[in-house]
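Data first, discussion second: the structure below is written as structure tokens.
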Amino acid sequence: RVNGVINPLTMESVAGKNAVTHVGKLYNIAASLIAQRLVDEVPDINEAHCIIVSQIGSPLDQPQAVDVSLRASDERLSSKSEIAAIVADELAHLGSTAEELAKGALAVGRWPLRSAR
């Protein structure tokens, strides 16, 4: 529960988990960062939700599925490539998440999660 919301899909807490190897913690953080960036960086998006599903044995940056649900002001949202780029960028940076947590640039329990990159 990175953002304090109880999610019916997973009841697992991110606090205290190993940030280097706990895929649930990393994907929970990444999903929140993706959703926030979509709202902040894509003009037509008013609300975004992201779910990332892991697959045992797969590299961290290659989840089994990434589902992004959007509420946009324009039904014909023309920014699909921008959405895909934001998702890919956050997945590519999963390796640095532990470092950001250790430095305090990224923290659970506050919003926004990332102070600045």
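Between the CZ atom of Arg37 and the CD atom of Glu90 there is a distance of 4.5 Å, given to the nearest 0.5 Å. Separation of atoms CD1 (Ile34) and OH (Tyr27) is listed at 10.0 Å; rounding is to 0.5 Å. Separation of atoms OG (Ser54) and CD (Gln62) is listed at 13.0 Å; rounding is to 0.5 Å. Here the NE2-CD distance, from His93 to Glu100, works out to 8.0 Å after rounding to the nearest 0.5 Å. Between the CG atom in Asn46 and the OG atom in Ser73 there is a gap of 5.0 Å [rounded to 0.5 Å]. Between the CG atom of Asp67 and the NE2 atom of His49 there is a distance of 11.0 Å, given to the nearest 0.5 Å.
Smallest separation of non-hydrogen atoms from Val68 and Cys50: CG2-SG, 4.1 Å. Closest approach of Glu41 and Glu82 over heavy atoms only: O-OE2, 3.2 Å.
Side-chain contact between Pro63 and Val53 is absent, with no heavy-atom pair separated by less than 4.5 Å. Side chains of Leu38 and Ile83 form a contact here, defined as non-hydrogen atoms less than 4.5 Å apart. Using a 4.5 Å heavy-atom threshold, the side chains of Ile86 and Val42 count as touching. Ile52 is not listed as a side-chain neighbour of Leu26, based on a closest heavy-atom distance of 4.5 Å or more.
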Margin query: Set out, in order, the CA-CA distance, both residues' side-chain angles and the distance that settles side chain to side chain contact (heavy atoms under 4.5 Å, CB included) for Ile29 and Leu106, then state yes or no.
Written below: CA-CA 9 Å; Ile29 291 170; Leu106 182 63; 3.9 Å; yes

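Legend: salt bridge (charged side-chain N to carboxylate O under 4.0 Å, His left out) pairs involving residues 47-57, not counting sequence neighbours, sorted by first then second residue: Glu47-Arg71.
In this structure, the side-chain hydrogen bond (donor to acceptor under 3.5 Å, both in side chains) partners of Asp40, at least two apart in sequence or on a different chain, are Gln36.
Counting only distance, with no hydrogens or angles, the side chain of Ser32 and the backbone of Asn28 share a donor-acceptor pair below 3.5 Å.
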